[in-house]
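Throughout, a chain's letter reflects where its sequence line sits, starting with A, and its residues are numbered from 1. Side-chain atoms are counted along with the backbone in the values below, which use heavy atoms only and exclude waters and symmetry mates.
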Amino acid sequence: MQINLTMDLLAVQTYRYNNKLSNPLQHKQHASISESGSSNLNINSVKFPCNHIGVSNSSGGFKTIQVIKRKPKDEGIEQVRSIRNYVYQQGTAMDSHAYVLLLLECIRIKSPLGGQQVHAHVIKSGIEPEVLLLNNLLNMYVKCGVLDCARQVFDKMSNRNLVSWTILIMGHAHDGYGKEALGLFRQMRREGVETDQMTFSCALKACADLGDLQIGKQIYAHIVKTGFESHVSVGNSLVTMYAKCGSIEDACNVFDRMTHWNTVSWTAMLSGYAQNGYEEDAINLFCEMQWSGEKSNHFTFGTVLQACASMGFIKQAREIHGHTVRIGFEYHVTVRNALVSVYAKCGFIKDACKVFDESTHRNIVSWNSMIAGYGHHGDGEKALKLFCEMQQAGMKPDDFTLASILSTCATRATLEQGKLVHAYTVKTGFLAYISVMNALVTLYAKCGSIGEARRVFDEIPAQNVVSWTAIIVGYAQHGFEKEALKLFQRMQQVGIKPNYITFVGVLSACSNVGLVDEGWHFFNCMSRDYDIVPGVEHHACMVDLLGRAGLLDEAEDFIKRMSVQSSATVWRNLLGACRIHGNVEMGKYAAEKILELEPHDVATYVILSNIYAAACRWDAVTKVRAMMKDRGIKKEAGESWVEINSTVHSFVSGDRLHPQSRQIYAKVEELTEQMKKQGYVPNTLCVLHDVEEKQKETILCHHSERLAIAFGLISTSAETPIRVVKNLRVCDDCHNATKFISKIVGREIVMRDINRFHHFKDGLCSCGDYW
DNA sequence: CTAGGGTTAG
């Protein structure tokens, strides 16, 4: 089916990454306040940045970029106009107090334009603004997200007080400019201004965001010295700072030593547990909190539900959902968003959808949660539809939305749609967000364009651990292990520490080409040199590596000695290796293990049956087939798809639903003829069905990947590479056939199966038949 | 002037 993205793409002719937009800091447009005033009251001459305003940041990181979420044009102008009229109506009666009220109104409607009008009017009025009014101006700019202007006001103030400093520091800390916030904090102390609990809190928040435990501890020492330790707010900020810096013990210590607690204290501790992988402690603390009599609020529920989400604790989530209903928090937007998220992450997409649909008030997070939910656990088409619906409902996508949508396109390998979204990010300035660029790296990698992925990666101004991981995983999936491992070294040279997922990428790079020694090396050094405890995913990689390399006993032994709880994936990798190396007994054992964990896993039955068939154990094949019938398990349809003109064309084996079915099958026949002439012999062992030999050949030739390739060939011009995606491992016979096809038609065929990429060219596959 | 929270990228 076709999905049209409701985007105005006319203005963008090219999807290529636009270098000029890569660093909005070079393009920052300052909102200038004209001292002469009056001209600025003319709506038409208001010079105000409408897209993004950069604030210089020594860190060079991505948080430096703010995007003012523009409201629909008319509405914005209306707001400004009404405020201006209000100002005019007041005539000469305007005094400081009235201006303060107006500024608060600007904050309420989030109108920096309106605020600027008020500012201009203050200047024009000729009154000498006292500290209170200036602080409110500062606050207005900060709250409207225009730190540049706040800074300008601040710099011109002759009489700053503690509040002025606090507003500015808080503004920077709140918007992610931690270094600037700490710089201001230091400057403030140098200038001899007394700090209070509020400034300490803000400084600690800056440390928390920067993850700078050292400075955090220095500030703590200062807090103790000045006697602010007993303030609840300071305690809360300390808990948060330690938790965000990953030092959960320190956070606990502070929490335990506090003399009194409020809802914030409990929530901060809860969140600390949840973010550091102590989800169960978080849930226990939530229970303790209920016993203590402390009231929960929407933040508390949001946090505890998040803890449930990352652990897949659906039962607890439902209980908490019930609790929010009982105490009337059910319809709070934050709670609802958390509910959408928890249901989606636990795989209960229908429940998530219900909560979303029944929401009376939706904000950007609500849409993002639902879109991400569909992208990860439902289906990509629904995610894209919702993305369109969201815009029809007048909700502007943000960086989170776009990262999710790009990730959805990556999963579906819909390169053309992905390119449209890429263009959209260029046009709207969202390309400035590292999360969006990282998602683009994965998009191109997962669509088979590893070169394009690399180009995007290289253009990221300051790659973070996710960027590096994305490109490493990309190379690993394409079988370019050397490049993957080279980049792994490079990332460390530039000072980026690999994390848990980076190692999944590194180990899969090794397993994809059979680098056994290197795999062991990386596996062993994880905890030794990087302080990362290998998890079940890493163990699964090792089983895959050893098994596929033919070291089946070593792989089995490895599973038996594993320190973490085994998963179906671990056994599935062993089963896959048994299939490759034809080990019937171990395969049977692995299959049993998988079925203990996932009794309805269709693929396991199929592979087991394939193993028996390859060993000519037809009795056993029959048995497996009977077992499947008994248990009501149907063979999962292998599905392959190609994207042509932004439309996804999907095929299952023997499928005749496509309108061009006749031509597709004709092409398949034609190709088969040519292939046979060149020496192709169908491998009928790949056929599970109990049918005549001749019929088996036909079944093979009508496998979903063949249909997709044939359709790709008849729908695109010569020399265009064909990109096919398959939801399962590519079948042995199809792999062989595709090599022939690539040579016959003289085209590159890129096939992504569930594990990796196969680049077929001139009769050869990039995997070197090791897959 | 207010700490605390929900959505994202691998």
Side-chain angles (χ1 to χ4, degrees), chain A residues 62 132 135-136 138-139 142-143 161-171 173-174 196-205 208 231-241 243 262-272 274-275 297-306 309 332-342 344-345 363-373 375-376 398-407 410 433-443 445-446 460 464-474 476-477 498-505:
Chain A
F62 263 92
L132 178 80
N135 281 349
N136 273 282
L138 259 182
N139 189 36
V142 161
K143 287 284 161 62
N161 62 14
L162 174 61
V163 176
S164 329
W165 283 97
T166 311
I167 293 170
L168 201 65
I169 294 172
M170 188 160 36
H174 185 266
D196 68 355
Q197 74 279 6
M198 214 79 78
T199 35
F200 279 127
S201 274
C202 297
L204 287 170
K205 170 158 174 55
H231 282 260
V232 184
S233 59
V234 173
N236 295 346
S237 299
L238 276 168
V239 169
T240 306
M241 184 274 292
N262 58 19
T263 304
V264 179
S265 327
W266 287 92
T267 310
M269 195 60 234
L270 248 166
S271 167
Q275 282 164 9
N297 63 14
H298 55 284
F299 291 126
T300 323
F301 290 123
T303 311
V304 72
L305 284 170
Q306 188 200 3
H332 194 291
V333 64
T334 301
V335 175
R336 289 200 84 71
N337 294 346
L339 285 169
V340 168
S341 182
V342 74
K345 282 195 179 150
N363 61 15
I364 182 75
V365 179
S366 324
W367 290 93
N368 288 350
S369 306
M370 198 62 234
I371 288 172
H376 284 300
D398 68 358
D399 48 323
F400 282 75
T401 326
L402 292 164
S404 278
I405 284 296
L406 286 168
S407 160
Y433 286 84
I434 194 161
S435 53
V436 172
M437 293 204 81
N438 290 344
L440 277 169
V441 171
T442 300
L443 169 80
K446 283 219 171 137
I460 300 176
N464 64 14
V465 64
V466 178
S467 329
W468 286 97
T469 305
I471 193 72
I472 288 171
V473 169
Q477 285 168 339
N499 67 15
Y500 188 94
I501 304 168
T502 316
F503 275 99
V504 175

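One atom, CG of N363(A), and another, C1' of dG6(B), lie 8 Å apart when rounded to the nearest Å. If you measure from atom CZ of F301(A) to atom C1' of dT7(B), you get 20 Å, rounded to the nearest angstrom. Across the protein-nucleic acid pair, I405(A) atom CD1 and dA9(B) atom P stand 11 Å apart, rounded to whole Å. For M241(A) and dT2(B), the CE to C1' distance is 18 Å, given to the nearest whole Å. Here dA9(B) presents its C1' atom at 15 Å from CD1 of I472(A), a figure rounded to the nearest Å. The distance between atom NE2 of H174(A) and atom C1' of dG4(B), rounded to the nearest whole Å, is 11 Å. The separation between L168(A) atom CG and dT2(B) atom C1' is 16 Å, rounded to whole Å. dT2(B) atom P lies 15 Å from atom CG of N236(A), rounded to whole Å.
Comparing dT8(B), dC1(B), dG4(B) by their closest approach to the side chain of T166(A) singles out dC1(B). Minimum atom distance to the side chain of T267(A) is reached by dG4(B), of the listed dG6(B), dG10(B), dG4(B). Of the candidate nucleotides dG4(B), dG10(B), dT8(B), dG4(B) has the atom lying nearest to any side-chain atom of K205(A). When distances run from any side-chain atom of V365(A) to the nucleotides dT8(B), dG4(B), dT7(B), the shortest one goes to dT7(B). Of the candidates dA9(B), dT8(B), dG10(B), the closest approach to any side-chain atom of F400(A) belongs to dT8(B). Out of dG10(B), dT8(B), dG4(B), the shortest distance to the side chain of F299(A) is found at dG4(B). Which of dC1(B), dG10(B), dG4(B) sits closest to the side chain of I167(A) comes down to dC1(B). Of the candidates dT8(B), dC1(B), dG4(B), the closest approach to any side-chain atom of N139(A) belongs to dC1(B). If you check dA9(B), dG4(B), dG6(B) against the side chain of Q306(A), the one that comes closest is dG6(B).
For S271(A), a side-chain nitrogen or oxygen approaches OP1 or OP2 of dG5(B) to under 4.0 Å. Between K345(A) and dT8(B) there is a side-chain polar atom (N or O) within less than 4.0 angstrom of OP1 or OP2. In this model, the phosphate group of dA9(B) is approached by a side-chain N or O of H376(A) to a distance below 4.0 Å at OP1 or OP2. An OP1 or OP2 oxygen of dT2(B) is reached within less than 4.0 angstrom by a side-chain nitrogen or oxygen of K143(A). The phosphate of dG6(B) has neither OP1 nor OP2 within less than 4.0 Å of any side-chain N or O from S369(A).
Across all strands, A338(A) comes closer than 4.0 Å to no nucleic acid atom at all (heavy-atom distances). At a threshold of 4.0 angstrom between heavy atoms, the contacts of V163(A) include nucleobase atoms, whether or not backbone atoms are also involved. M170(A) comes within contact range of the sugar-phosphate backbone alone, with a heavy-atom separation under 4.0 Å but no base atom that close. Residue contacts for N297(A): at a heavy-atom cut-off of 4.0 Å it reaches a base atom on one of the strands shown.
Judged by distance alone, the side chains of T303(A) and T267(A) never bring a donor and an acceptor atom under 3.5 Å apart. Between the side chains of S271(A) and Q275(A), at least one donor N or O sits under 3.5 Å from an acceptor N or O. For the residue pair N337(A) and T334(A), no side-chain donor N or O sits within less than 3.5 Å of a side-chain acceptor on the partner. If you check the side chains of N438(A) and S467(A), you find a donor sitting under 3.5 Å from an acceptor.
Between the side chain of N499(A) and the base of dG10(B) there is at least one donor-acceptor pair of N/O atoms closer than 3.5 Å. One donor-acceptor pair, N or O on each side, does fall under 3.5 Å between the base of dG5(B) and the side chain of T334(A).
Using modelled atom types, no side-chain atom of S341(A) and backbone atom of A338(A) make a donor-acceptor pair closer than 3.5 Å.
Heavy-atom contacts from other residues, nucleotides or ligands closer than 6.0 Å to NE2 of H231(A) number more than 12.
How far CG of N297(A) is from CG of N262(A): 10.0 Å, rounded to the nearest 0.5 Å.
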